[in-house]
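Order of the sequence lines fixes the chain letters, A, B, ..., with proteins taken first and strands second; residue numbering starts at 1 for each chain.
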Amino acid sequence: MESLRPALLEWFRQNRRDLPWRRTRDPYHIWLSEIMLQQTQVATATPYYERFLARFPTLAALAAASVDDVLAEWAGLGYYRRARYLHAGAQAMVRDHGGVIPSDPEVFGALPGVGRYTVGAVLSMGFGAALPVLDGNVARVLSRWAMAPLAIKRPEDARLLWGMAEALVPGAERGDETHRDAGDWNVALMELGATVCTPRAPACERCPVATWCRARAAGRVAEFPPVPEARATESLRRAVALFEANGRVLVTRREGSMLTGLWEMPGVDLEQDMGASPPLRRALGSLGVTDVSLADTGLRVTHTITHHRIEVEVWRGTWTGKRPRASSKLVWADADAREHALTALARKVVEAARG
DNA sequence: CATCCGTGGGC
DNA sequence: TGCCCAAGGAT
């Protein structure tokens, strides 16, 4: 145990990946990266991170932006509430905290979208706070080290895992509020989980701390952590109307609980055996789009979104009278620009239609 | 406490 | 190729 920490820290210092958010100690940049990386892989988040910071280089710039502009930069990353909370958080910091990330865990943790993980990550990396992190990577590593059947998804197990993580943070055993290794330690633990102690086919032969791993010693690494049964996905049908003009696509702003405020071509959900044309025509009519004809392109786009597998029929729309006009609910969007926050489904449909 | 919220990488 | 899952948080 005494040499476990130095062994992992030393390994990390030799093997750390050169990632954009590791070249900075600016707490705003670190905060942004941590929010973007929630439930999102490094390779996916990286281009978004670069673009986002180019557009909103400072907390003040983010706070001054409109929600729509923030969502437009976020479009394609998913979990859009993250972007709304990020924006609201930036405004709160400008309004109440002098335009900087609060270094007090209580204060920072009170901001929207900032939970215990994000508090530990940003404050340990940005300020050297001796606070733990617990994410999927750390939970997996700890479960294997202890050979304990603990799953982060189960709240009772999560409490135990947080306790284990807390006990390991440099400085914590002495009650120090800060420690120069705290941030590196947290990142090292996550880096180990991401690159060596992976969910499937872990590379134990490359693991710098394999000698401390009880699951490894027992030859039972694959059994930990236990995997809770996956929830089944539900199949849905949907039809969309694709209108194109001058390289632009007609899209409407989504309402309701999912993907609220994002833009997508007009469409309707369909029952299993329902014809698409009449309801699609009605949906267009309610947007003020009349005098059009619709033709089934035969294109079928499949999109999976949190427990729903959506099969989308793509209908080609053409106007028989005047071209549909933009309104508060309807715009002609450039699908290649990031001017509007298009859903991934919308981009997929455009892509499919272009062949 | 269980459920909800998006998307794309990787095997 | 389908399926698992990835640096969570709010309700």
Report, one line per pair, each donor and acceptor closer than 3.5 Å where one atom sits in a side chain of residues 110-136 of chain A; sequence neighbours left out.
{"residue": "A:Tyr117", "atom": "OH", "partner": "A:Glu34", "partner atom": "OE1", "Å": "2.5"}
{"residue": "A:Thr118", "atom": "OG1", "partner": "A:Gln38", "partner atom": "NE2", "Å": "3.3"}
{"residue": "A:Ser124", "atom": "OG", "partner": "A:Gly120", "partner atom": "O", "Å": "2.7"}
{"residue": "A:Ser124", "atom": "OG", "partner": "A:Ala121", "partner atom": "O", "Å": "3.2"}
{"residue": "A:Ser124", "atom": "OG", "partner": "A:Asn186", "partner atom": "ND2", "Å": "3.0"}
{"residue": "A:Asp135", "atom": "OD1", "partner": "A:Asn137", "partner atom": "N", "Å": "3.2"}
{"residue": "A:Asp135", "atom": "OD1", "partner": "A:Val138", "partner atom": "N", "Å": "2.8"}
{"residue": "A:Asp135", "atom": "OD2", "partner": "A:Asn137", "partner atom": "ND2", "Å": "3.4"}

Residue mapping more 5' on DNA chain C - nearest nucleotide basis, A:Leu37 or A:Ala230: A:Ala230

By nearest-nucleotide position on DNA chain C, the 5'-leaning member of A:Glu34 and A:Tyr85 is A:Glu34

Can you tell me if A:Trp319 uses its side chain to pair, donor with acceptor, with the backbone of A:Val289 under 3.5 Å? no

When you measure from the side chain of A:Arg220 to the backbone N and O of A:Phe224, does any donor-acceptor pair fall under 3.5 Å? no

With sugar-phosphate meaning primed atoms plus P, OP1 and OP2, does [X] contact a base, only sugar-phosphate, or nothing at under 4.0 Å between heavy atoms?
{"X": "A:Thr118", "value": "sugar-phosphate"}
{"X": "A:Val133", "value": "nothing"}
{"X": "A:Val138", "value": "nothing"}
{"X": "A:Leu19", "value": "base"}
{"X": "A:Arg17", "value": "base"}
{"X": "A:Trp21", "value": "base"}

Positive for side-chain hydrogen bond (donor to acceptor under 3.5 Å, both in side chains) with A:Arg237, one of A:Gln272, A:Glu313, A:Glu311: A:Glu313

In whole angstrom, give the distance that lies between atom [atom1] of [X] and atom [atom2] of [N].
{"X": "A:Glu229", "N": "C:dC4", "atom1": "CD", "atom2": "C1'", "result": "14 Å"}
{"X": "A:Asp135", "N": "C:dA6", "atom1": "CG", "atom2": "P", "result": "9 Å"}
{"X": "A:Asp157", "N": "C:dG8", "atom1": "CG", "atom2": "P", "result": "17 Å"}
{"X": "A:Phe108", "N": "C:dG9", "atom1": "CZ", "atom2": "C1'", "result": "13 Å"}

Among residues two or more places apart or on two chains, list those pairs meeting side-chain hydrogen bond (donor to acceptor under 3.5 Å, both in side chains) that have a residue in residues 342-355 of chain A. A:Glu264-A:Thr343, A:His303-A:Lys348, A:Asp336-A:Arg354

What's the gap between B:dG6 and C:dT11 when it is taken at their P atoms, as a whole Å value? 14 Å

Taking the side chain as C-beta and beyond, is there a heavy-atom pair between A:Leu342 and A:Val350 under 4.5 Å? no

If you take the centroid of each ring, where Trp contributes its six-membered ring, are A:Tyr49 and A:Trp21 closer together than 6.0 Å? yes

For nucleotides 1-11 of chain B, give me one character per nucleotide, 5' to 3': B if any protein heavy atom sits under 4.0 Å from the base, S if the only such contacts are to the sugar-phosphate, - if neither. S--SBBBBB--

A:Arg140 side chain, from C-beta outward: closest of C:dA6, C:dG9, C:dA10: C:dA6

